[in-house]
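Structure first, then comments.
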Number of protein chains: 2
Amino acid sequence: MGLAKTEIFTLEQNAVARFAKALGHPARVAILQHLFKTNQCICGELVLEIGLAQATISQHLKALKSLGLIQGSVEGTTVCYCVDFKNWAKMKHSLSIFLIWISIPPNVVKNLK
Amino acid sequence: MGLAKTEIFTLEQNAVARFAKALGHPARVAILQHLFKTNQCICGELVLEIGLAQATISQHLKALKSLGLIQGSVEGTTVCYCVDFKNWAKMKHSLSIFLIWISIPPNVVKNLK
DNA sequence: CACATTAATCGTAATATTGCAATTAATTAA
DNA sequence: TTAATTAATTGCAATATTACGATTAATGTG
């Protein structure tokens, strides 16, 4: 099928998987690293920086954008990309919570609340 | 192609992507959650718990196993799976470090070292 | 031994992902 | 207006992923 059966999983499981999938390609990791480092940059800069074809970078940018992790704004003939910090924080929170709490036994979690 | 050009990325970028990819499917997230909760369990239990076909669960287990995140040991006619805590810690460290440090400017990082 | 149980593997189908060349649409510069 | 620049989109090919039924191999039970 190639299609995940999301309906049988919890919201948390799907959210973790969706965010993790976004980080599941080194080009997208590199794009995010570069955007954090430079604060913002145009598409063409990422093409040069990373060394994949323009169409490929554009595709990865689209994936990150559709998840909300980055934003793009047209400026003349260029498109300026930057991190969407609000959604980035959500993603970071989701993944961090998962990584932290998965190893804490349910009864301990219960006592902490 | 369907094949990532890993050779043009750093070790860190590839490691983050590889680990994130492992968490990039809700079934694998669910498997890991269940293994942490029950400490260990047999394959058949995961099939019942998650509700995907046995062959499918086996495939996801293989993916987690080949990354080293879980271990499986044959016990009679069953196979008992558990988290490989050492490699889990490595993965957690890799992803956490990435999530934490990506937003810290390089000059600040430099001053902290 | 025959039979049941369990889980890996195989085969297959559907879909997704990755990558690039070529094209297109939008904007700017001459 | 024409030409140049930029980035999205299209079209395509190769490979990967997801899912499942069927089979197989291994082990245990009668």
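Hydrogens, waters and symmetry mates are skipped; everything else that's a heavy atom, side chains included, is used.
Residue A/Thr78 is classed as a sugar-phosphate contact, given heavy-atom separations below 4.0 Å to backbone atoms only. Within 4.0 Å (heavy atoms only), A/Ile42 reaches sugar-phosphate atoms of the nucleic acid but no base atom. Using a 4.0 Å heavy-atom cutoff across all strands shown, A/Ala55 reaches at least one base atom of the nucleic acid. Within 4.0 Å of A/Lys65, counting heavy atoms only, lies no atom of the nucleic acid at all.
For the pair B/Leu64 CG and C/dA7 P, the interatomic distance rounds to 16 Å; values are reported in whole Å. To the nearest angstrom, P of D/dA19 lies 13 Å from CG of B/Leu61. Distance CD1 (B/Ile50) to C1' (D/dA19): 14 Å, rounded to an integer number of Å. Note: CG (B/Leu23) to C1' (D/dT18) measures 17 Å, nearest angstrom. Rounded to a whole Å, the CG atom of B/Leu52 is 17 Å from the P atom of D/dT17. Summarising the geometry, the separation between CZ on B/Arg28 and P on D/dA19 is reported as 9 Å, rounded to the nearest angstrom. Atoms NZ (B/Lys5) and P (D/dA16) sit 15 Å apart, rounded to a whole Å. Atom CD1 in A/Ile57 sits roughly 12 Å away from atom P in C/dT18 (whole-Å rounding).
Along DNA chain C, the nucleotide nearest to A/Val74 and the one nearest to A/Gly24 differ in position, and the one closer to the 5' end is contacted by A/Gly24. Taking for each of A/Gln54 and A/His25 the nucleotide of DNA chain C with the nearest heavy atom, the 5'-most of the two is the partner of A/His25. Where A/Phe9 and A/Cys43 meet DNA chain D, the nucleotide closest to each residue was compared, and A/Cys43 sits on the side nearer the 5' end. Position along DNA chain D of the nearest nucleotide to A/Thr6 versus A/Gly44 favours A/Gly44 as the more 5'-ward residue.
Note: B/Phe9 and A/His25 have perpendicular aromatic rings, judged against thresholds of 30 and 60 degrees for the angle between ring planes. Ring geometry for A/Trp88 versus B/Phe98: interplanar angle over 60°, hence perpendicular rather than tilted (30 to 60°).
For C/dT17, one of the phosphate oxygens OP1 or OP2 lies less than 4.0 angstrom from a side-chain nitrogen or oxygen of A/Lys21. The phosphate of C/dT17 (OP1 or OP2) has no side-chain N or O of A/His60 nearer than 4.0 angstrom. Residue A/Thr56 has no polar side-chain atom (N or O) positioned under 4.0 Å from OP1 or OP2 of C/dT18. Between B/Tyr81 and C/dT6 there is no side-chain polar atom (N or O) within less than 4.0 angstrom of OP1 or OP2.
Closest contact between the side chain of A/Thr77 and the listed nucleotides D/dA19, C/dT27, C/dA7 involves C/dT27. Among the nucleotides D/dG21, C/dC20, D/dT9, the one closest to any side-chain atom of B/Ala53 is D/dG21.
A distance-only check finds no donor-acceptor pair linking the side chain of A/Asn87 to the backbone of A/Leu69 [under 3.5 Å]. Of the possible donor and acceptor atoms, none in the side chain of B/Ser94 sits under 3.5 Å from a partner among the backbone N and O of B/Lys90.
Applying the 3.5 Å distance criterion, the base of D/dA8 shares no donor-acceptor pair with the side chain of A/Gln59.
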- request: Evaluate the side chain to side chain contact (heavy atoms under 4.5 Å, CB included) criterion for residues A/Leu23 and A/Arg28: first the C-alpha distance (whole Å), next the side-chain angles of each, then the deciding distance (0.1 Å), finally the verdict.
  value: CA-CA 6 Å; A/Leu23 304 180; A/Arg28 290 191 291 272; over 6 Å; no
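The distance from the SG atom of A/Cys41 to the OH atom of A/Tyr81 is 10.0 Å, given to the nearest 0.5 Å.
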